[in-house]
Number of protein chains: 2
Amino acid sequence: MYSQAEENYLKTIYVLEKDFGDDVSTNLIAGKTKTKPSSVTDMLKKLAIKDLVLYKKYQGVKLTETGRLTALKVIRKHRLWECFLVQKLNFNWDEVHEIAEQLEHVKSELLINKLDAFLRFPKLDPHGDPIPDEQGRIIKNQSTSIIDMKLGSTGTLVAVKDSSETFLRYLNKKNLALGDKLKVIDIEPYDNSYHIETKTHRLVITNNVAENLLLKNVK
Amino acid sequence: MYSQAEENYLKTIYVLEKDFGDDVSTNLIAGKTKTKPSSVTDMLKKLAIKDLVLYKKYQGVKLTETGRLTALKVIRKHRLWECFLVQKLNFNWDEVHEIAEQLEHVKSELLINKLDAFLRFPKLDPHGDPIPDEQGRIIKNQSTSIIDMKLGSTGTLVAVKDSSETFLRYLNKKNLALGDKLKVIDIEPYDNSYHIETKTHRLVITNNVAENLLLKNVK
DNA sequence: ATATTATTTTAGATATGTCTAAATTTTAGC
DNA sequence: GCTAAAATTTAGACATATCTAAAATAATAT
Ligand SMILES: [Mn+2]
Ligand SMILES: [Mn+2]
Ligand SMILES: [Mn+2]
Ligand SMILES: [Mn+2]
């Protein structure tokens, strides 16, 4: 149906729409996909012809309903495979993203639904991200990034924004994992770094790290 | 490392070398891969430059050691994924080949070795084909095709040469499965068709079908 | 409001993998 | 051994997906 490149662009646009609102810009996509803006323009034209995005020259793009559904199907596959790798093959959560980037492009509705059943219909992937169902329905996880938390507030780490090996290894090293209760004990105005406290230890994290940690039950 | 197209050619050449002896011809490869001979020539040149095949113009190709090992690694992945699909996801043996054609190209040594362990190191895939180990070692299954059996001889069906959905569905319909004991009760000289007998029924199969059924303990 | 800068698009090139049609080489028939 | 047929290769084209450099457009700053 769609090529791997097309599927990857749709996924990227989906995520960017979520993070930055609609009308995603060419440069933003190029940044995320590590390609040049000219390549992005070429692809946006192709996607527009296939009715996967609405594209107006110089104005950025927006996913159509078909585009959004296609993106969600790829995301569903990605996250189910990540669950499989962690739960069944005993991978660590920092090792699965790159492999899932490949597996998500395997074409077979039956395969992914059987995998879903085998895993007993998980709702979240190893990084705390919700798994869309067969129809592309996805639970909105209204979690809060640490950068939106006030001094002294607490919450439970439920997801990470960045699933890269490097970031997750950093969290491993700092002894941070999903489910941990965190408290913001200081915010440094100079560099916007955060001092946080868990049940077992305290640590300082940069603003960049803080942005990628998502919490629930923030009080 | 290698592209999907390259991996597929190597696999095809490996199988053809086995079935027809070395120095595989351009047309033979084109037939198997459903491409044109001119495309095959182009690819053979590329594979030769990468030292995966020995290629002499107009003389066909032969895999190098690297080429053979690469082919075996892809075959290992293909067959392990087929095991996974049948044993864990409850696919039928006639549904898995096409999906495995995609999964076999996923790149990760760790993944395939963890999958191997998860499946408890199977020796045979759902079609009776041996699974190469990590080093590319493969058990030679000296099975006999029905076309090489004498009138009145018996044997146990242990593998099929053709793993296509159409052929396996034909076997399902005819109530033939791996493990069945067969006896050749008649050979029709006119069209080389075979009359065979199982524990439960008798049937007539064409020479083409007979060729694709592999037996052991032939007496 | 105009100039400068940043963003985006176009034009033209490259790499992969395929094709058709034509040329070349090998094989087989006599 | 020569000729016709078959097999193989070459030449040139096309589709996808990427790039660089240049041109066009939009945003911003004075
Ligand atoms: Mn991921
Ligand atoms: Mn994930
Ligand atoms: Mn197969
Ligand atoms: Mn098989």
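Below, all heavy atoms of this structure are taken into account, side chains as well, without hydrogens, waters or symmetry copies.
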Could you check how far [atom1] of [X] sits from [atom2] of [N], rounded to whole Å?
X	N	atom1	atom2	value
A/Glu6	D/dA15	CD	P	15 Å
B/Leu28	D/dA7	CG	P	11 Å
B/Leu44	D/dT8	CG	C1'	10 Å
A/Lys56	D/dT25	NZ	C1'	16 Å

Below 4.0 angstrom from OP1 or OP2 of [N], is there any side-chain N or O of [X]?
X	N	answer
B/Asn27	D/dA6	no
B/Tyr58	D/dA6	no
B/Thr41	D/dT9	yes
B/Lys57	D/dT10	yes
B/Lys45	D/dT10	yes

Can you give the donor-acceptor pairs under 3.5 Å from side chains of residues 37-54 of chain A to other protein atoms, not counting sequence neighbours?
| from | atom 1 | to | atom 2 | distance (Å) |
| --- | --- | --- | --- | --- |
| A/Thr41 | OG1 | A/Pro37 | O | 3.1 |
| A/Lys50 | NZ | A/Glu6 | OE1 | 3.4 |
| A/Lys50 | NZ | A/Glu6 | OE2 | 2.7 |

For the side chain of A/Lys36, counting heavy atoms from C-beta on, which of D/dT20, D/dT8, D/dA24 is nearest?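 In terms of side-chain proximity for A/Lys36, the closest of D/dT20, D/dT8, D/dA24 is D/dT20.
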
So which nucleotide from D/dA17, D/dT18, D/dT9 ends up closest to the side chain of A/Tyr9? D/dT18

Boundaries of the DNA chain C segment in contact with chain A, non-hydrogen, under 4.0 Å: C/dT7 to C/dT10

Crowded around B/Lys56 NZ? As in, over 12 foreign heavy atoms under 6.0 Å?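 Count not over threshold, so no.
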
Nearest nucleotide by nearest heavy atom, which residue falls closer to the 5' end of DNA chain D, B/Gly60 or A/Pro37? B/Gly60

Within the side chain of A/Glu188, is there an N or O that forms a donor-acceptor pair under 3.5 Å with the backbone of A/Tyr194? no

Answer whether the closest heavy-atom distance between the side chains of B/Lys88 and B/Phe118 falls below 4.5 Å. yes

Scan B/Thr26 against the nucleic acid and name what it touches under 4.0 Å (heavy atoms): base, sugar-phosphate only, or nothing. sugar-phosphate

With a 4.0 Å cut-off on heavy atoms, is B/Thr35 in touch with a base, just the backbone sugar-phosphate, or nothing at all?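 Result for B/Thr35 = sugar-phosphate.
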
Test salt bridge (Lys or Arg N to Asp or Glu O under 4.0 Å) on B/Glu134 and B/Arg76 and set out the steps. CA-CA 8 Å; B/Glu134 225 184 312; B/Arg76 169 173 160 80; 5.2 Å; no

Closer to the 5' end of DNA chain C via nearest nucleotide, is it A/Gln59 or B/Met43? A/Gln59

For a quick check, tell me whether the side chain of A/Ser38 and the base of D/dT20 share a donor-acceptor pair closer than 3.5 Å.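 When only heavy-atom distances are counted, A/Ser38 does reach the base of D/dT20 through a donor-acceptor pair under 3.5 Å.
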
Partner of B/Ser108 under side-chain contact (heavy atoms from CB on, under 4.5 Å), chosen from A/Leu85, A/Ile99, A/Leu103: A/Ile99

To the nearest 0.5 Å, tell me how far A/Glu104 CD sits from A/Gln4 CD.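 Between A/Glu104 CD and A/Gln4 CD, I get 8.0 Å after rounding to 0.5 Å.
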
